[in-house]
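Notes follow once the structure below has been shown.
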Amino acid sequence: MTPPAARAPRGARGDLFDPQCPTRRLLDRIGTKWTSMAVKVLAEASPQEVRFAELQRRMTGVSQKMLSVTLRGLTRDGLVGRRVEPTVPPRVYYRLTPLGLSLEGPLAAVRAWAEEHMAEIDRANALHQEGAVDD
């Protein structure tokens, strides 16, 4: 563990190339397909809230557990707000915080890049599988 004196001051900019920097963990969390999809769905609904079941329905292929883990992390990071209505069963609502809304632009750019270049990536993967590309 890094000694307290060696850590960057609270609020300081991170350094991705520092193995001890929490930026690496944050990028691991925000770089997943489920995070990108959740942020997109919540951004489209903003400023309205979205129920858990609706998020799961809109995020085709996500399991209840994976969605729960994703939302828990986004909530912990201050990107998503969570509200529970004390009904039976409880109704749980999610919305992006202002910080979460600021993440939508960069994630939208990454999603657009991926959609635009997917065919090229598929071709490169096919060539690699055929042995036409050296490692």
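Everything quoted here is computed from the prediction, not taken from an experiment. Heads up: numbering here begins at 1 and tracks the sequence. Because only heavy atoms are used, hydrogens play no part in the values below, and waters and symmetry mates are left out as well, while side chains stay in.
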Minimum-distance pair of heavy atoms, taken over all atoms of Val39 and Gly100: CG1-O, 4.3 Å
Ionic contact status for Glu85 with Arg83, cut-off 4.0 Å: yes
Residue pair Leu42 / Leu55, side-chain heavy-atom distance below 4.5 Å: yes
Joint hydrophobic cluster, Leu71 plus Ile30, side-chain heavy atoms closer than 4.5 Å: yes
Nearest-0.5 Å distance that lies between atom CH2 in Trp113 and atom CD1 in Ile121: 4.5 Å
Shortest non-hydrogen separation from Cys21 to Gly14 and the atoms involved: SG-CA, 3.7 Å
Separation of Asp15 CG from Arg24 CZ (nearest 0.5 Å): 8.5 Å
Interatomic spacing from OG1 in Thr23 to CZ in Arg13 - rounded to 0.5 Å: 8.5 Å
NZ on Lys33 to CG on Leu107, rounded to 0.5 Å: 15.0 Å
Verdict with reasoning, Tyr94 to Leu74, per side-chain contact (heavy atoms from CB on, under 4.5 Å): CA-CA 10 Å; Tyr94 296 90; Leu74 291 171; over 6 Å; no
Side-chain touch Ser36/Val110, heavy atoms, less than 4.5 angstrom: no
Co-membership, hydrophobic cluster, residues Phe52 and Val41, 4.5 Å side-chain: yes
Close side-chain approach of Val69 to Trp34, heavy-atom, < 4.5 Å: no
Within one Ile-Leu-Val-Met-Phe-Trp-Tyr cluster: Met37 and Leu26, side-chain cutoff 4.5 Å: yes
Side-chain heavy atoms of Arg91 within contact of Val84, under 4.5 Å: no
Any Leu67 side-chain heavy atom under 4.5 Å of Met59 side chain: yes
Thr35 side-chain N/O to Gly31 backbone N/O, donor-acceptor pair under 3.5 Å: no
Any Thr75 side-chain heavy atom under 4.5 Å of Arg72 side chain: no
Glu115 with Arg111: basic N within carboxylate O range, under 4.0 Å: no
Whether Ser46 side chain and Ala43 backbone form a donor-acceptor pair below 3.5 Å: no
Under 3.5 Å: donor-acceptor pair, side chain of Thr97, backbone of Leu79: yes
Expected output: side-chain Arg29 to main-chain Gly73 donor-acceptor under 3.5 Å: no
Under-4.0 Å salt bridge between Glu120 and Arg123: no
